[in-house]
S.K.: 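Questions regarding the structure given below will be posed in turn.
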Protein chains: 2
Amino acid sequence: MKYLRIKKALLQRIADGAYGDHLPSENELADTHGVSRMTARRALQELVSEGYASRVPGRGTFLQPRRFSQGFLRVRPFREHAAEAGAAPSTRVLTAEARRAPATVAGKLGTNKTVLVSRLRRLDGEPVMLETRYLRADLCASILHEDLAQDSIHELLVDRLRLPLTRVWQRLEAIALDEGMAAWFGLSAGSPAFRLERVTYTNDDPVTWVEYVMRGDRYVFQDDFSPQRESVREVSR
Amino acid sequence: MKYLRIKKALLQRIADGAYGDHLPSENELADTHGVSRMTARRALQELVSEGYASRVPGRGTFLQPRRFSQGFLRVRPFREHAAEAGAAPSTRVLTAEARRAPATVAGKLGTNKTVLVSRLRRLDGEPVMLETRYLRADLCASILHEDLAQDSIHELLVDRLRLPLTRVWQRLEAIALDEGMAAWFGLSAGSPAFRLERVTYTNDDPVTWVEYVMRGDRYVFQDDFSPQRESVREVSR
DNA sequence: CAGTGGTCTAGACCACGTC
DNA sequence: ACGTGGTCTAGACCACTGC
């Protein structure tokens with residue numbers, strides 16, 4: 001994928017502040033990377049479609065000013081979430097081993113060589129969330145040596161493995177618990193729950209896929225904002 | 001713009017049900033429209049990026065079944081939401097009259113002198129959302145004279161009654177439908193659903209309290225963001 | 001005027017799925 | 001073996017902005 005190579009090189013140099021706000025033109029990129037113009041063009045267009053840059057015919061391609069936003073659900077450690085709810089968090093590690101990802105997950109991670117970590121999270125002793133996470137084995141295998149009952153996986157990825165979070169895709173659904181999941185919570189099958197599916201990227205490489213199943217009787221997503229500002233909180237009740 | 005011509009032709013024929021779920025291939029389109037493959041390709045790719053279709057290498061391009069989603073933070077007319085989903089919206093007004101608010105609502109509005117409007121919203125004839133709204137009678141009573149089957153209440157408040165939206169409090173829950181609500185959707189009791197509760201303020205005065213109940217099998221909240229940008233995509237699953 | 005992005009062409013090779 | 005989508009090439013013409 002030549003266009004990906006170019007795009008990543010651009011992202012890297014953007015992060016380094018190598019350009020002012022004026023990115024190289026299509027022809028310039030094509031020359032320096034020894035590639036056709038259509039290929040260079042695609043790299044630039046992806047940056048545009050992801051909000052990094054904008055283009056003006058006849059003028060050029062320009063970096064977009066940074067905007068700070070977190071999406072509708074924040075990515076943050078369970079421990080912080082518990083602290084806000086004023087409850088004592090605890091974690092039981094159910095699985096932590098190399099295991100091939102199922103097809104749907106492998107499709108999103110680009111490989112089925114993965115590590116599976118699943119955990120049951122409790123607040124004040126009550127199980128409230130079930131986490132099922134696949135991590136790319138080539139990048140994250142060493143995570144199996146960490147203390148997964150205590151540490152935030154996201155913090156391990158960022159701090160220990162130097163895999164900064166650069167992009168998130170996520171989706172929230174309302175579901176009915178099946179027999180198996182309900183058992184973990186001591187609820188009956190059919191109980192309502194949230195299902196949050198999330199893929200986290202570092203420099204456009206997918207790193208981990210995670211599914212959170214949260215009890216509908218314990219979780220709400222609460223939000224208080226003015227049109228200009230936003231702050232979304234995950235609340236447990 | 002040849003690719004736009006082709007894309008629009010495809011959308012038209014999709015709406016007419018001219019294809020099953022299998023769209024023409026790139027080569028096929030290129031031939032029938034007398035255009036190069038890259039141009040035909042672009043038409044198909046735009047359909048994919050807008051959620052109409054998905055592509056599988058080696059197999060073909062397939063229509064996506066339509067579901068409807070909504071950005072969590074967005075406050076916007078149902079009609080706009082429907083337009084983006086490419087579905088025909090319709091509304092049945094169930095109630096529109098002066099009625100005292102129940103205690104929980106009165107607490108949030110600061111009064112129980114209210115007007116109740118409840119509506120059933122449909123997309124392509126299918127009931128997908130139930131809206132129950134209390135508005136402060138002192139500010140909003142005149143809304144009962146408007147066409148509540150057509151107009152956006154939020155737009156009426158802002159444009160007609162000059163009550164700008166300055167703050168929003170909202171909360172999203174996962175619930176199981178009770179008998180009564182399930183009946184509106186033609187679902188069985190216990191089916192999963194979202195419940196969004198929202199209070200809207202003008203200059204820190206609460207104006208209206210509203211509850212939306214959305215079918216869990218038709219709504220998802222999807223989000224794709226990075227630290228630099230946010231683009232809440234109105235994609236369906 | 002030379003440079004930019006927007007569009008388009010007519011080929012090409014590849015990996016993959018289906019038959 | 002054949003068709004599919006994914007990628008890439010080396011050209012081309014256009015409308016537009018800057019100097």
Side-chain angles (χ1 to χ4, degrees), chain A residues 1-11 13-14 18-64 100-113 201 203-206, chain B residues 1-11 13-14 18-65:
Chain A
M1 312 297 95
K2 298 186 182 177
Y3 77 90
L4 272 183
R5 217 190 57 220
I6 299 173
K7 178 183 166 192
K8 285 177 186 171
L10 284 170
L11 281 172
R13 305 198 58 183
I14 287 170
Y19 311 112
D21 67 337
H22 197 221
L23 294 180
S25 74
E26 297 180 353
N27 285 318
E28 203 173 335
L29 277 180
D31 286 350
T32 62
H33 287 80
V35 98
S36 80
R37 190 187 144 205
M38 286 296 277
T39 301
R41 176 178 177 74
R42 176 152 180 193
L44 286 171
Q45 279 184 316
E46 294 218 350
L47 294 185
V48 170
S49 78
E50 290 168 18
Y52 290 99
S54 63
R55 321 191 75 184
V56 185
R59 303 224 312 122
T61 303
F62 304 90
L63 271 178
Q64 282 290 96
R100 290 227 310 272
T104 54
V105 175
K108 284 168 178 158
L109 289 182
T111 175
N112 68 2
K113 294 187 172 50
Y201 298 79
N203 298 327
D204 282 331
D205 289 323
Chain B
M1 314 298 97
K2 297 187 183 177
Y3 77 90
L4 272 182
R5 217 190 59 218
I6 298 173
K7 177 183 164 194
K8 284 177 185 168
L10 283 170
L11 281 173
R13 303 199 58 182
I14 287 169
Y19 311 113
D21 66 338
H22 196 230
L23 294 181
S25 75
E26 297 180 353
N27 285 317
E28 204 173 333
L29 276 180
D31 286 351
T32 61
H33 288 80
V35 98
S36 82
R37 191 188 142 205
M38 287 295 278
T39 302
R41 175 179 178 74
R42 174 151 182 196
L44 286 172
Q45 279 183 316
E46 294 218 349
L47 294 184
V48 170
S49 76
E50 291 168 18
Y52 289 100
S54 64
R55 322 191 74 183
V56 184
R59 303 225 312 123
T61 303
F62 304 90
L63 272 177
Q64 281 289 97

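Residue numbering restarts at 1 for every chain, and letters A, B, ... go by the order of the sequence lines.
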S.K.: Distance check needed: C:dC8 P versus B:Gln45 CD, whole Å only.
M.R.: 14 Å
S.K.: Between D:dT9, D:dG6, C:dC8, which one does the side chain of B:Tyr3 approach most closely?
M.R.: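 So the nucleotide nearest the side chain must be C:dC8.
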S.K.: Would you say NZ of A:Lys8 has more than 12 non-hydrogen atoms from neighbouring residues, nucleotides or ligands within 6.0 angstrom?
M.R.: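 Atom NZ in A:Lys8 is packed in, count exceeds 12.
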S.K.: To the nearest Å, how far apart are B:Arg55 CZ and D:dT4 P?
M.R.: 11 Å
S.K.: Any side-chain heavy atom of A:His22 sitting closer than 4.5 Å to one from A:Phe62?
M.R.: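 Yes. Closest side-chain heavy atoms under 4.5 Å.
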S.K.: Dot-bracket for DNA chain C, 5' to 3', with Watson-Crick and G-U pairs under 3.5 Å, [ ] for crossing pairs and | for other-strand pairs: what is it?
M.R.: |.||||||||||||||||.
S.K.: Just the rounded figure in Å: distance from P of C:dT9 to CG of B:Asn27.
M.R.: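 Computing the B:Asn27:CG to C:dT9:P distance gives 14 Å.
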S.K.: Nearest 0.5 angstrom please: A:Arg100 CZ to A:Thr111 OG1, how far?
M.R.: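 Rounded to the nearest 0.5 Å, the CZ-OG1 separation comes to 10.0 Å.
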S.K.: Are any of the side-chain heavy atoms of A:Leu44 and A:Leu10 separated by less than 4.5 Å?
M.R.: yes
S.K.: Is there a side-chain contact between A:Leu47 and A:Thr61, using heavy atoms and a 4.5 Å cut-off?
M.R.: no
S.K.: Say you draw a straight line from CE of A:Met38 to CE of B:Met38; how long is it, rounded to the nearest 0.5 Å?
M.R.: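 CE of B:Met38 is found 4.0 Å from CE of A:Met38.
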S.K.: Check whether any side-chain nitrogen or oxygen of A:Ser25 sits under 4.0 Å from OP1 or OP2 of C:dT4, and answer yes or no.
M.R.: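 Indeed, a polar side-chain atom of A:Ser25 lies that close.
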S.K.: For C:dT7, take OP1 and OP2 only and decide whether either is under 4.0 Å from a side-chain N or O of B:Thr39.
M.R.: no
S.K.: Give the rounded distance in Å between these two atoms: CD1 of A:Ile6 and P of D:dT7.
M.R.: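 Going from A:Ile6 (CD1) to D:dT7 (P), I get 13 Å.
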S.K.: Do A:Lys2 and A:Arg42 make a side-chain contact, defined as non-hydrogen atoms from C-beta onward lying under 4.5 Å apart?
M.R.: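 Sidechains of A:Arg42 and A:Lys2: no contact.
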S.K.: Starting at the 5' end of nucleotides 10-16 of chain D, put B wherever the base has a protein heavy atom under 4.0 Å, S where only the sugar-phosphate does, and a dash everywhere else.
M.R.: B-B---B
S.K.: As an exercise, state the distance from CG of B:Leu11 to CD1 of B:Ile6, rounded to the nearest 0.5 Å.
M.R.: 12.0 Å
S.K.: To the nearest Å, how far apart are A:Met1 CE and D:dG5 P?
M.R.: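 Distance check: A:Met1 CE to D:dG5 P gives 17 Å.
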S.K.: What is the distance, rounded to the nearest whole Å, between atom CG of B:Leu23 and atom C1' of D:dG3?
M.R.: 16 Å
S.K.: Tell me: CZ of A:Arg42 to P of D:dT9, nearest whole Å?
M.R.: 12 Å
S.K.: May I have the distance from B:Arg5 (atom CZ) to C:dC8 (atom P), rounded to whole angstrom?
M.R.: 9 Å
S.K.: Can you find a heavy atom in the side chain of B:Leu23 that is under 4.5 Å from one in the side chain of B:Ile14?
M.R.: yes
